[in-house]
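Numbered from 1 within each chain, the chains take letters A, B, ... in sequence-line order. Just so it is clear, the values below take in all heavy atoms, side chains as well, and ignore hydrogens, waters and symmetry mates. Note that the coordinates shown come from a computational prediction; the quantities given were computed from them, not determined experimentally.
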2 protein chains.
Amino acid sequence: MNEDVEPQDPCVERLARLTGDRCKAKNAARRLQTLTDNIDESELVAEAEIFKAMSDPCRLAILKLLREGELCVCEIMTALDRPQSSTSHHLSILKRAGLIRERKEGKWSRYRLSEGAVIEMMNLAKLMTSL
Amino acid sequence: MNEDVEPQDPCVERLARLTGDRCKAKNAARRLQTLTDNIDESELVAEAEIFKAMSDPCRLAILKLLREGELCVCEIMTALDRPQSSTSHHLSILKRAGLIRERKEGKWSRYRLSEGAVIEMMNLAKLMTSL
DNA sequence: CTTATATATCGAAATGGTTTGATATGACTC
DNA sequence: GAGTCATATCAAACCATTTCGATATATAAG
């Protein structure tokens, strides 16, 4: 007896008022439902984490530095003129998001960009800001 | 009398200890200096704002919904099952970052993706999470 | 084993973001 | 113009992030 979308569904009610056509509203509601059903929550969170990692000016600067090649924490903090603990913290966030990789060498930690599309991502953002 | 990099520069000191070679250290310091000089702070902040706008799961879901076409606030809040004020707030952030555009039509506000590279950005992120 | 150096982690303060009910605005309807 | 509906804005509670000094860990050198 239960259809995909109930006749009394507030969603349909609302859309019916929008379109003035109850039948169209039902289809629209079904379409919206399908769209949201196709969005995987955990995928959403994973993708958001990448953007969150890139959403800090300091971290973006680090990524830009690393385009030129591998650098150790010591060089990065010097280049950015930031305290060591801040720099280290930001690096750990970038690493957790998979944007950079670490290579330990003696007492040094050398960081480089991951093989992924990090650079393309930055290029796109630059393109978008210059429009 | 002032060179690009002072002999007593703590930056050079540090790098000299790293490489063991004061001359190489000086060059490395100069290279790092050039790299950071080429990073424009305001550009950095502008790009970070784009990533920040995309760093929330709810906002990412909105962007994914809008890939299918123009939607009004009412439809979006219905699809995502979120309160109206939250939905509106997220839309304003996306708009401020230039990721979506608004078209007023009577009492409705219809939103659509901007012409920019928003979709490519999402595709890249999806690619990066699936590695 | 002590010292020095590079980095990571902790902790607390400051800051910023998200959420949502309540309220304001603005448009269409009667 | 009173009522209704779509949306925006406000405000307060709540939660997350950033920052940085202090401390811990780990490696290398003496």
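Put simply, the side chain of A:M122 reaches to within 4.5 Å of the side chain of A:V118, judged on heavy atoms. With a 4.5 Å cut-off on side-chain heavy atoms, B:E120 and A:E120 do not count as touching.
Of all non-hydrogen atoms in B:I50 and A:A125, the two that sit nearest each other are CD1-O, 3.8 Å.
Here the C1' atom of nucleotide C:dT5 and the CZ atom of A:R110 are 14 Å apart, to the nearest Å.
Both A:M128 and B:I119 are assigned to one and the same hydrophobic cluster, defined by single-linkage of ILVMFWY side chains at heavy-atom distances under 4.5 Å.
Among the heavy atoms of the strands, none lies under 4.0 Å from A:E105. Residue contacts for B:S109: at a heavy-atom cut-off of 4.0 Å it reaches the sugar-phosphate backbone alone, with no base atom in range.
If you check the side chains of B:T129 and A:E47, you find no donor sitting under 3.5 Å from an acceptor.
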Contact letters for nucleotides 11-24 of chain C, in which S counts primed atoms plus P, OP1 and OP2 and B counts the base, heavy atoms under 4.0 Å: ------SSBBBB--
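In this structure, the separation between CD1 on A:I76 and CZ on A:R110 is 10.5 Å, given to the nearest 0.5 Å.
Heavy-atom nearest nucleotides on DNA chain D were determined for A:G106 and for B:S88, and the one closer to the 5' end corresponds to B:S88.
Using a 4.0 Å cut-off, no side-chain N or O of A:Y111 falls inside it from OP1 or OP2 of C:dA6.
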